[in-house]
Amino acid sequence: MSYVKPRLLKGMRDFLPADMRRRQYVISKIKSLFRRYGFEACETPTMEYADILDGKYGEEERLIYRFEDKGRRQVALKYDLTVPLARLVGMYQQELTMPFKRYQIQPVFRSEKPQKGRYREFYQCDVDIVGVNSILADAELILLAIDALERLGFKDFKVRINHRRLLSAIAEYSGVPKSQADAIAISIDKLDKIGIDGVRKDLTARGIEEKSRDKIIDLITLTERSETASPEDMLNQLRPILKDFSSAQDALDDLEYLFSTLKGLSIPSERYDFDLTLARGLGYYTGPIFEIYVAKPKIGSIGGGGRYGNLIGMFMRRNVPATGISLGLERIIDVMSELDMFPDNLDQIHVLVGLFNVETAVYSLQIAKQLREAGIFTDIYYQPVKLKKQFAYANKKNIPYVVMAGPDEQKENKLALKDMKTGEQRRMDLQQAIIFLGERYENQIG
RNA sequence: GUGGAUGUAGCUCAGCUGGUUAGAGUGCUGGAUUGUGGUUCCAGAGGUCGCGGGUUCAAGUCCCGUCUUCCACCCCA
C-alpha cells in the first residue's frame with residue numbers, strides 16, 4: 001500500500017472535537033447576539049473573480065491568494081467579508097431591503113507568514129449596516145462588539161476609535177504632500193510600540209520634513225498627554241487647531257456625535273478611547289474607524305472595523321454608505337484559552353449507555369433510542385467489554401453519566417444510572433432517568 | 001516578503017565535546033480469579049531521530065538545502 005505522510009499546509013489547521021467545542025461555544029454566543037440586534041445571516045463563496053478584490057485593500061493586496069482556474073479565469077480566495085458584501089449588495093440591490101443588516105461568519109484567507117494568532121485561514125465574524133449614513137449605526141456596532149465580548153467573559157479590553165479623515169487632515173495640516181499621507185498614518189500608528197521618539201525618527205526616515213514632522217509630533221503628544229482627558233475634551237482641543245480644514249471639522253463632528261451616543265448608551269468610559277494614532281490598514285475606510293484591543297495576551301487586536309463610504313459604489317452606479325465591524329474568531333479563542341475563560345463543562349454528550357453483554361444488548365439499544373427521542377445526547381458502547389473499559393471511555397470523553405442495564409435490571413425493566421463524578425449509582429426506570437437528565441440538560445436539548 | 005530560533009516515541013522532553021542494540025515521564029495495549037472507572041502494581045507495543053543531500057572509518061550529534069512551528073520586523077483578525 002502506498003503511504004502519504006500526513007501533513008498540513010503552512011498556516012492551515014485542523015480542528016479536533018476538543019477545539020470544536022470551544023469554537024462552537026464562541027460562535028453560538030456571537031451568532032445569537034447578532035440576531036438579537038436584528039442582523040440576518042449571509043454567506044458568500046470562498047472564491048471570487050480576482051478583479052472583485054483587486055484595488056480594494058491598498059498595500060495589503062499582495063496577501064491575496066490568487067490562482068488561475070481550469071477555464072483560465074483569474075480567481076482569488078476571499079480576503080475579508082466586507083468586499084464580498086459590497087459585491088453582494090451591488091448584485092442583489094433590488095432584492096435586499098434597505099437598510100441591509102447582515103452578519104456573516106466565514107473563513108477568509110491571507111498568505112501571510114504565520115505566527116501565533118495569525119493564520120492563513122481564519123474566521124471572521126462580521127456585522128455590517130448598509131444604507132445608513134447616520135453615525136448612530138457606528139455607535140450601535142461598537143455597542144454590539146462590547147456586548148459580545150463581555151458576554152464571552154472579556155474583562156480587560158478597549159475599543160480604540162479614530163476617524164479616517166482626521167488622519168488625512170493631519171497630513172494636510174502639517175503640510176505634507178498627499179502622496180505621503182499614508183506613510184504618516186502608518187508611522188504614528190506605531191506610537192504604542194516605539195514611543196514618541198521612535199515616531200519622530202520614523203517620520204524622518206520616511207522623508208518627512210522637519211517642520212511638518214514637528215507639527216505632527218505636537219498633535220500626537222497632545223493626545224498622549226490627555227490620556228486622562230475625555231474624548232470630548234480632546235476633540236475640543238483639536239477643533240481650533242484644525243480650524244482651517246473643513247474635512248477635519250466634519251470628522252470631529254462625526255466623532256463628537258459618536259462619543260455622545262456611546263455616553264448616552266451608558267457604555268463605561270474605560271471601554272473606549274479616542275486614539276488619534278489609530279490607523280487601520282485596509283484601504284476602503286472613509287469615516288470613523290475602530291479597533292478592539294486586548295493588552296493582556298500579547299496578540300494585538302481581536303477585531304476592528306469602520307465606515308466605508310465608497311466601496312459599495314464600486315459595484316453599482318451610485319454610492320451606498322455602510323459601516324461594519326469584524327471580530328476575529330481565532331484570536332478571541334486564543335485569548336480565552338490563554339486566560340482560561342472557557343467553562344469547563346463544555347461536554348457535548350450527556351450520557352453513555354454501556355453494553356453489559358450480548359443478551360442484553362438490544363435492551364440497552366432500546367434505552368439509548370428512547371433517551372435520544374427525549375432529546376438527550378446519548379452515546380452507546382457497542383462491544384460487551386469489561387465495564388472498566390467502558391467507564392474509562394466515558395471518563396476520557398468527559399461524559400458525566402453512564403447507564404448500565406444488565407440481566408438484573410432488564411428483569412425489573414429498570415436501569416442503573418451512574419454519576420461519574422461522585423461514583424454514586426441508582427437503580428431507576430427509564431422515565432425517571434429521562435426526567436433526571438432532561439432537567440439537568442434542559443438548556444441544551446433542542 | 002526580510003531577519004532569527006526550532007524540529008528526537010501519540011504528548012512533554014533528555015541524549016555531554018560525533019563512537020556500540022536512542023532514553024525518561026505521561027499516554028496507549030494487556031493483565032492483577034470474570035456486575036463498576038478515574039489510585040496502585042506487573043507486562044508489552046510504539047521512533048525512517050522533520051525531509052533530502054554532503055563531510056567522516058563512524059552523525060540524532062558537523063555542513064548545505066528544504067519543509068514545519070515559533071519570535072521580531074512589515075502588517076493585520
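Each chain gets a letter, A, B and so on, in the order its sequence line appears, and its residues count up from 1.
- The aromatic ring centroids of A:Tyr381 and A:Tyr393 lie less than 6.0 Å from each other.
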Listed pairs, N/O of protein and of nucleotides 42-50 of chain B, under 3.5 Å:
| from | atom 1 | to | atom 2 | distance (Å) |
| --- | --- | --- | --- | --- |
| B:rG50 | O2' | A:Lys5 | NZ | 2.9 |

Per-residue pairing states of RNA chain B in dot-bracket (Watson-Crick or G-U under 3.5 Å; . unpaired, | other strand) read (((((.(..((((.....[...)))).(((((.......))))).....(((((..]....)))))).)))))....
Please report, to 0.1 Å, the donor-acceptor pairs under 3.5 Å made by any side chain of residues 40-49 of chain A, with sequence neighbours excluded.
| from | atom 1 | to | atom 2 | distance (Å) |
| --- | --- | --- | --- | --- |
| A:Thr44 | OG1 | A:Gln104 | NE2 | 3.1 |
| A:Glu48 | OE1 | A:Arg87 | NH1 | 2.9 |
| A:Glu48 | OE2 | A:Arg87 | NH1 | 2.4 |

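- Look at the C1' atom in both B:rC11 and B:rG47: the space between them is 14 Å, to the nearest Å.
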What donor-acceptor contacts under 3.5 angstrom involve side-chain atoms of residues 403-411 of chain A, with partners at least two apart or in another chain?
| from | atom 1 | to | atom 2 | distance (Å) |
| --- | --- | --- | --- | --- |
| A:Glu409 | OE1 | A:Gly406 | N | 2.9 |
| A:Glu409 | OE2 | A:Arg427 | NH2 | 3.4 |

Trace of the side-chain hydrogen bond (donor to acceptor under 3.5 Å, both in side chains) decision for A:Glu68 with A:Gln74 = CA-CA 5 Å; A:Glu68 184 177 283; A:Gln74 297 302 313; 3.0 Å; yes
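- Nucleotide B:rG1 holds its C1' atom 16 Å from the CD atom of A:Glu61, rounded to whole Å.
- Looking at heavy-atom distances under 4.0 Å, A:Gly300 makes no contact with the nucleic acid at all.
- Atom pair A:Leu352:CG and B:rG37:C1' shows a separation of 12 Å (rounding to whole Å applied).
- Rounding to whole angstrom units, CZ of residue A:Arg427 and C1' of B:rU36 are separated by 13 Å.
- Rounded to a whole Å, the CG atom of A:Asp128 is 13 Å from the P atom of B:rA77.
- Using a 4.0 Å heavy-atom cutoff across all strands shown, A:Lys421 reaches at least one base atom of the nucleic acid.
- Across all strands shown, A:Gly354 has no heavy atoms under 4.0 Å from either base or sugar-phosphate atoms.
- If you check every strand for non-hydrogen atoms under 4.0 Å, A:Tyr119 touches a base.
- The distance from atom CG of A:Asp408 to atom P of B:rG35 is 11 Å, rounded to the nearest whole Å.
- The CD atom of A:Glu60 sits 16 Å away from the P atom of B:rG1 (whole-angstrom rounding).
- For A:Asp419, there are no salt bridge (Lys or Arg N to Asp or Glu O under 4.0 Å) partners two or more places apart in sequence or in a different chain.
- A search for side-chain contact (heavy atoms from CB on, under 4.5 Å) contacts involving A:Pro99 returns A:Val132, not counting sequence neighbours.
- Residue A:Gln390 places no side-chain N or O under 4.0 Å from the OP1 or OP2 atom of B:rU36.
- The CZ-C1' distance, from A:Arg118 to B:rG1, rounds to 12 Å in whole Å.
- Spacing of C1' atoms, B:rG18 relative to B:rU12, comes out at 27 Å, to the nearest Å.
- Protein atom CD1 of A:Ile194 is 7 Å distant from nucleotide atom P of B:rC74, rounded to whole Å.
- Evaluation of A:Tyr123 against the base of B:rA77 yields no stacking contact (centre distance < 5.5 Å, interplanar angle < 30° required).
- Of the two residues near RNA chain B, A:Ala416 and A:Phe122, the one whose nearest nucleotide lies more 5' is A:Ala416.
- A:Ile186 comes within 4.0 angstrom of the backbone, heavy atoms only, and of no base.
- With sequence neighbours excluded, the residues forming a side-chain contact (heavy atoms from CB on, under 4.5 Å) with A:Arg200 are A:Asp197, A:Arg213, A:Ile217, listed by chain and number.
- Nearest heavy-atom pair, A:His163 versus A:Thr286, reported as atom, atom and distance to 0.1 Å: CE1-O, 4.0 Å.
- Within the 4.0 angstrom heavy-atom criterion, base atoms lie near A:Glu409.
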Shorter than 3.5 Å, N or O on both sides, protein versus nucleotides 29-33 of chain B: list them out with atom names.
| from | atom 1 | to | atom 2 | distance (Å) |
| --- | --- | --- | --- | --- |
| B:rG30 | OP1 | A:Lys389 | NZ | 3.4 |
| B:rA32 | OP2 | A:Lys386 | NZ | 3.4 |

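- Set against B:rC74, B:rG37, B:rG35, the side chain of A:Leu387 has B:rG35 as its closest nucleotide.
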Which donor-acceptor pairs under 3.5 Å do the side chains of residues 323-343 of chain A make with protein atoms, sequence neighbours left out?
| from | atom 1 | to | atom 2 | distance (Å) |
| --- | --- | --- | --- | --- |
| A:Thr323 | OG1 | A:Asp138 | OD2 | 2.8 |
| A:Thr323 | OG1 | A:Gly306 | O | 3.3 |
| A:Ser326 | OG | A:Asp126 | OD1 | 2.7 |
| A:Glu330 | OE1 | A:Arg13 | NH2 | 3.0 |
| A:Glu330 | OE1 | A:Arg23 | NH1 | 3.2 |
| A:Glu330 | OE1 | A:Arg23 | NH2 | 3.2 |
| A:Glu330 | OE2 | A:Tyr123 | N | 2.5 |
| A:Arg331 | NE | A:Gly117 | O | 2.6 |
| A:Arg331 | NH1 | A:Ser301 | O | 3.0 |
| A:Arg331 | NH2 | A:Gly117 | O | 3.1 |
| A:Asp334 | OD2 | A:Tyr119 | OH | 2.9 |
| A:Ser337 | OG | A:Arg22 | NH1 | 2.8 |
| A:Ser337 | OG | A:Ile333 | O | 2.8 |

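- Between A:Ser301 and A:Gly423, the one whose closest nucleotide on RNA chain B sits nearer the 5' end is A:Gly423.
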Close N/O contacts between protein and nucleotides 2-5 of chain B (under 3.5 Å):
| from | atom 1 | to | atom 2 | distance (Å) |
| --- | --- | --- | --- | --- |
| B:rU2 | O4 | A:Lys113 | NZ | 3.1 |
| B:rG3 | O6 | A:Lys113 | NZ | 3.4 |

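- As judged by a 4.0 angstrom heavy-atom cut-off over every strand, A:Glu112 is placed among the base-contacting residues.
- Checked for salt-bridge contact, A:Lys56 and A:Asp80 miss the test: no charged N lies under 4.0 Å from a carboxylate O.
- Taking a cutoff of 4.0 Å between a charged side-chain nitrogen and a carboxylate oxygen, A:Asp254 and A:Arg164 do not qualify as a salt bridge.
- Remark: A:Arg331 in residues 330-341 of chain A come within less than 4.0 Å of RNA chain B through at least one heavy atom.
- Nucleic acid contact class of A:Asn357 (heavy atoms, under 4.0 Å, all strands): none.
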Interface polar pairs with nucleotides 66-69 of chain B, N/O, under 3.5 angstrom:
| from | atom 1 | to | atom 2 | distance (Å) |
| --- | --- | --- | --- | --- |
| B:rU68 | OP2 | A:Lys10 | NZ | 3.0 |
| B:rU69 | OP1 | A:Gly11 | N | 3.0 |

